[in-house]
Amino acid sequence: HERALQALEVVRRGSTRDQVLQEVWVLQRVAHPNTVVLVDLFVGKRTCALVFQRCGEALMHRPSCCVGNEENLRLVARCVLRALSHLASLGIVHRCVSLQSLFLVGEKVEHGVVLGDFHCAVPAELLAEQASTLEACLRAPSGRRLYDAPEVGGGRPAWGYPSDVYAAGVAL
């Protein structure tokens with residue numbers, strides 16, 4: 001099996017080690033055929049290297065694979081919605097569904113699609129513990145405003161499974 005390496009410079013990325021480790025915590029729990037697989041993790045003083053099972057290109061780089069092909073679009077939608085349903089069953093909100101976070105499993109859509117890019121994911125266990133910061137977090141845009149549901153940023157907690165599904169709809 002091929003592997004892909006993502007090296008994250010914690011300081012440059014603007015993340016704390018705890019935020020990166022929270023992403024890893026989420027990745028270790030979301031094992032599903034339609035989510036990216038974290039194979040290994042290496043933690044240094046200033047960097048963290050995440051090793052994933054190798055995927056194909058992000059869908060944003062291959063829009064022609066779905067344009068005008070209803071069967072491929074249906075397959076992609078099925079894969080993404082299965083991944084989001086699985087996350088919801090675990091009480092995890094992805095918060096960053098976009099074409100940049102959807103990856104081909106192989107060279108073709110027929111091989112499947114996986115959801116990746118879990119840096120904004122929020123586990124339910126932390127939501128209850130961080131209720132005061134949670135509201136600000138849930139109201140904040142994801143950083144990919146084009147994909148945000150209309151209620152996000154509207155002054156009330158808005159992130160959840162419906163917002164993830166909305167973002168998937170925009171992406172597709």
Side-chain angles (χ1 to χ4, degrees), residues 4-9 12-15 19-20 22-27 29-38 48 50 52-124 127 134 136-154 157-172:
L5 177 66
Q6 176 185 10
L8 305 173
E9 287 191 41
R12 182 179 298 163
R13 182 176 172 190
S15 300
Q19 288 170 319
V20 172
Q22 177 178 315
E23 178 181 355
V24 170
W25 184 91
V26 169
L27 284 165
R29 282 154 181 78
V30 298
H32 185 271
N34 298 119
T35 59
V36 70
V37 176
L38 178 66
C48 291
L50 306 180
F52 295 100
Q53 182 175 1
R54 187 170 175 84
C55 297
E57 292 181 89
L59 283 185
M60 71 174 286
H61 300 298
R62 297 273 304 271
S64 62
C65 68
C66 292
V67 174
N69 188 328
E70 189 176 316
E71 187 59 36
N72 282 356
L73 184 58
R74 193 174 314 132
L75 176 65
V76 170
R78 195 175 304 123
C79 290
V80 173
L81 293 175
R82 283 180 181 155
L84 292 177
S85 177
H86 176 67
L87 294 179
S89 74
L90 298 173
I92 294 174
V93 182
H94 188 275
R95 297 187 64 231
C96 201
V97 178
S98 67
L99 285 175
Q100 295 96 322
S101 64
L102 303 175
F103 299 92
L104 296 173
V105 173
E107 295 295 318
K108 300 178 180 179
V109 172
E110 294 83 14
H111 298 142
V113 173
V114 293
L115 177 63
D117 211 2
F118 283 84
H119 67 277
C120 290
V122 180
L127 299 183
L134 170 63
C137 173
L138 292 180
R139 289 183 190 146
S142 68
R144 296 186 178 149
R145 297 184 69 90
L146 173 66
Y147 299 94
D148 288 346
E151 62 272 14
V152 173
W159 281 108
Y161 180 70
S163 294
D164 280 349
V165 172
Y166 180 91
V170 171
L172 301 175

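Considering all non-hydrogen atoms of both residues, His119 and Asp117 come closest at ND1-OD1, 2.7 Å. Here the shortest heavy-atom pairing between Ala121 and Gln22 reads O-NE2, 3.4 Å. Residues Asp164 and Arg95 approach most closely at OD1-N, 3.0 Å, considering heavy atoms. For the pair Cys96 and Cys120, the tightest heavy-atom approach, listed with the atom from each and the gap, is CB-CB, 4.0 Å.
A search for side chain to side chain contact (heavy atoms under 4.5 Å, CB included) contacts involving Glu70 returns Arg74, not counting sequence neighbours. Taking Val30 as the reference, Val26, Thr35, Leu87, Leu90, Ile92, Phe118 meet the side chain to side chain contact (heavy atoms under 4.5 Å, CB included) condition, with sequence neighbours excluded. By the side chain to side chain contact (heavy atoms under 4.5 Å, CB included) test, Val165 is found to be paired with Leu81, Leu84, Tyr161, residues two or more places apart in sequence or in another chain being considered. Leu104 is linked by a side chain to side chain contact (heavy atoms under 4.5 Å, CB included) to Leu59, Arg62, Val109, Val113, counting only residues two or more places apart in sequence or in another chain.
The shortest side-chain heavy-atom distance between Leu115 and Ser101 falls under the 4.5 Å cut-off. Residues Ser89 and His86 have side chains in contact (heavy-atom distance under 4.5 Å, counting atoms from C-beta outward).
The NE2 atom of His32 lies 9.5 Å from the SG atom of Cys79; values are rounded to the nearest 0.5 Å.
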